[in-house]
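Written out below as structure tokens is the structure these notes cover.
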Amino acid sequence: MGTNALRFAVVLGTNEIASAIAVHLHRDGFCVVLSHDPNPPVLRRKMAFHDALFGDTIRIENVIGERIENTMDVFKALAAPRNVLVTWLGLLDLLPVRAIDVLVDARMQTRDLTPNLRGMTRLSVGIGPGFSPSANCDLAIETRPDRLGQIVHEGWTLAKDDFGELGGVGSERLVHSPHEGRWHTPLEIGTRVYKGFVVGHLSGIPVIAPYDGILRGVVRDGSDVPAGIALAEIDSRGRHAQWTGIDAQGQALAQATLTAIRQHVIGRLRATSTVPAGSR
């Protein structure tokens with residue numbers, strides 16, 4: 001039994017990290033379903049399968065995101081997964097489809113209480129802050145820049161590090177919502193903007209760019225958003241700016257997820273092989 005024997009993977013989240021992990025799992029032979037969670041809204045949409053939920057054609061490194069509407073679509077895909085599946089269906093909708101081999105929580109949420117994923121699937125992996133293999137998952141992976149991609153077998157992952165730096169600019173490159181409201185923007189990701197440029201309106205109030213640069217991420221037009229979430233991100237790196245594909249962070253976390261899965265399978269095989277034949 002090799003790693004590809006783990007065929008069915010559910011990834012919670014449709015953001016760029018969840019999507020990078022989905023691409024790598026898909027290439028490794030899994031049928032992958034991305035389950036959307038609205039909190040927080042997806043920002044880096046050109047790096048994510050998120051917009052497939054709205055009927056857009058999304059391709060990340062030659063892997064296509066395909067929207068599915070119901071569990072029958074998952075049944076069909078399990079026979080021959082051609083694309084990454086993206087759905088509004090939640091985990092409770094997907095659990096009855098078939099035993100889930102790998103569940104990855106890549107929602108990157110900031111929450112006081114992280115749900116316990118243990119026992120729901122054959123292997124659960126928590127990405128980012130709030131996870132501990134002794135409390136709510138089987139394996140956890142660090143997302144802080146100084147420990148990016150480290151696999152945690154004991155203890156807790158570290159607290160969130162506010163997006164880290166990009167071109168020497170920290171969280172100040174993000175435009176946050178000052179209050180709740182409905183977000184509207186006419187801009188596409190990849191647009192060049194300048195300091196003071198209006199990137200959108202939140203319930204009619206203009207929201208401006210804090211820096212010159214490329215619009216690396218922006219919440220989808222027409223979204224209802226709470227106060228204090230990132231609405232837009234400006235990449236000030238000029239010709240080195242990246243707003244499509246899988247970036248270094250996504251690559252590291254996706255590879256770490258695959259490594260964790262393979263180590264788990266190898267460990268389970270070794271444990272099985274050491275059990276006396278009469279006791280199996």
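Side-chain atoms are counted along with the backbone in the values below, which use heavy atoms only and exclude waters and symmetry mates. Bear in mind the structure is a predicted one, so any value in this text is a computation, not a measurement.
- In this structure, W243 and E233 have side chains that are not in contact, with every pair of non-hydrogen atoms separated by 4.5 Å or more.
- For the pair H264 and D138, the minimum side-chain heavy-atom distance is 4.5 Å or more.
- For the pair S19 (side chain) and F49 (backbone), a donor-acceptor distance under 3.5 Å is present.
- Judged by distance alone, with hydrogens and angles left aside, the side-chain atoms of T157 form a donor-acceptor pair with the main-chain N or O of G128 at under 3.5 Å.
- Closest non-hydrogen pair, V175 versus P210, comes out as CG2-CD, 3.5 Å.
- For residues 184-204, the side chain to side chain donor-acceptor pair (under 3.5 Å) pairs, not counting sequence neighbours, are H184-D221.
- From N83, atom CG reaches atom CG of L85 across 7.5 Å, with rounding to the nearest 0.5 Å.
- Using a distance-only test at 3.5 Å, with no hydrogens or angles considered, no donor-acceptor pair links the side chain of T121 to the main chain of D101.
- Taking the side chain as every heavy atom from C-beta outward, L187 and F197 approach each other to under 4.5 Å.
- Taking a 6.0 Å sphere around CZ of R237, one finds it holds more than 12 heavy atoms contributed by other residues, nucleotides or ligands.
- At distances below 3.5 Å, at least one donor-acceptor pair connects side-chain atoms of S132 with backbone N or O atoms of S134.
- Residues L258 and I21 fall within the same hydrophobic cluster, defined by Ile, Leu, Val, Met, Phe, Trp and Tyr side chains chained together at heavy-atom separations under 4.5 Å.
- Residue V198 is found in a hydrophobic cluster whose other members, listed by chain and number, are I208; membership requires side-chain heavy atoms under 4.5 Å apart, directly or through intermediates.
- Put simply, V104 and M47 are part of two different groups of oily side chains (I, L, V, M, F, W, Y) that touch within less than 4.5 Å, one to the next.
- Between the CG atom of L174 and the CZ atom of R216 there is a distance of 10.0 Å, given to the nearest 0.5 Å.
- The salt bridge (Lys or Arg N to Asp or Glu O under 4.0 Å) analysis of residues 175-186, with sequence neighbours excluded, yields the pairs R182-D224.
- Judged by distance alone, the side chain of N116 and the main-chain N or O of R118 form a donor-acceptor pair under 3.5 Å.
- Note on residues 64-108: pairs passing ring-ring contact (aromatic ring centres under 6.0 Å, His included), not counting sequence neighbours, are H36-W88, F54-W88.
- Put simply, L158 and F131 are part of two different groups of oily side chains (I, L, V, M, F, W, Y) that touch within less than 4.5 Å, one to the next.
- In terms of the salt bridge (Lys or Arg N to Asp or Glu O under 4.0 Å) criterion, D73 has no residue partners (sequence neighbours excluded).
- I234 and L202 end up in the same hydrophobic cluster when Ile, Leu, Val, Met, Phe, Trp and Tyr side chains are linked at under 4.5 Å.
- Under a 3.5 Å cut-off, the side chain of Q242 and the backbone N or O of T244 do form a donor-acceptor pair.
- For R45, the salt bridge (Lys or Arg N to Asp or Glu O under 4.0 Å) partners two or more places apart in sequence, or in a different chain, are D51.
- Of the residues L34, L43, V42, the one that meets the side chain to side chain contact (heavy atoms under 4.5 Å, CB included) test with N15 is V42.
- Looking at S177, its side chain does come within 3.5 Å of a backbone N or O of P226 through a donor-acceptor pair.
- Residue L117 comes nearest to S124 through the heavy atom pair CB-CB, 3.7 Å, listed as atom of the first residue, atom of the second, then distance.
- Counting heavy atoms from C-beta on, the side chains of M120 and I100 never come closer than 4.5 Å.
- From L92, atom CG reaches atom OG of S35 across 9.5 Å, with rounding to the nearest 0.5 Å.
- Taking 4.5 Å as the limit, every side-chain heavy atom of C31 sits out of range of all side-chain heavy atoms of R98.
- Closest heavy-atom contact between L148 and A252: CD2-CB, 3.8 Å.
- Side chain of D28 to main chain of H24: no donor-acceptor pair is present (N/O by atom type, distance under 3.5 Å, no hydrogens or angles).
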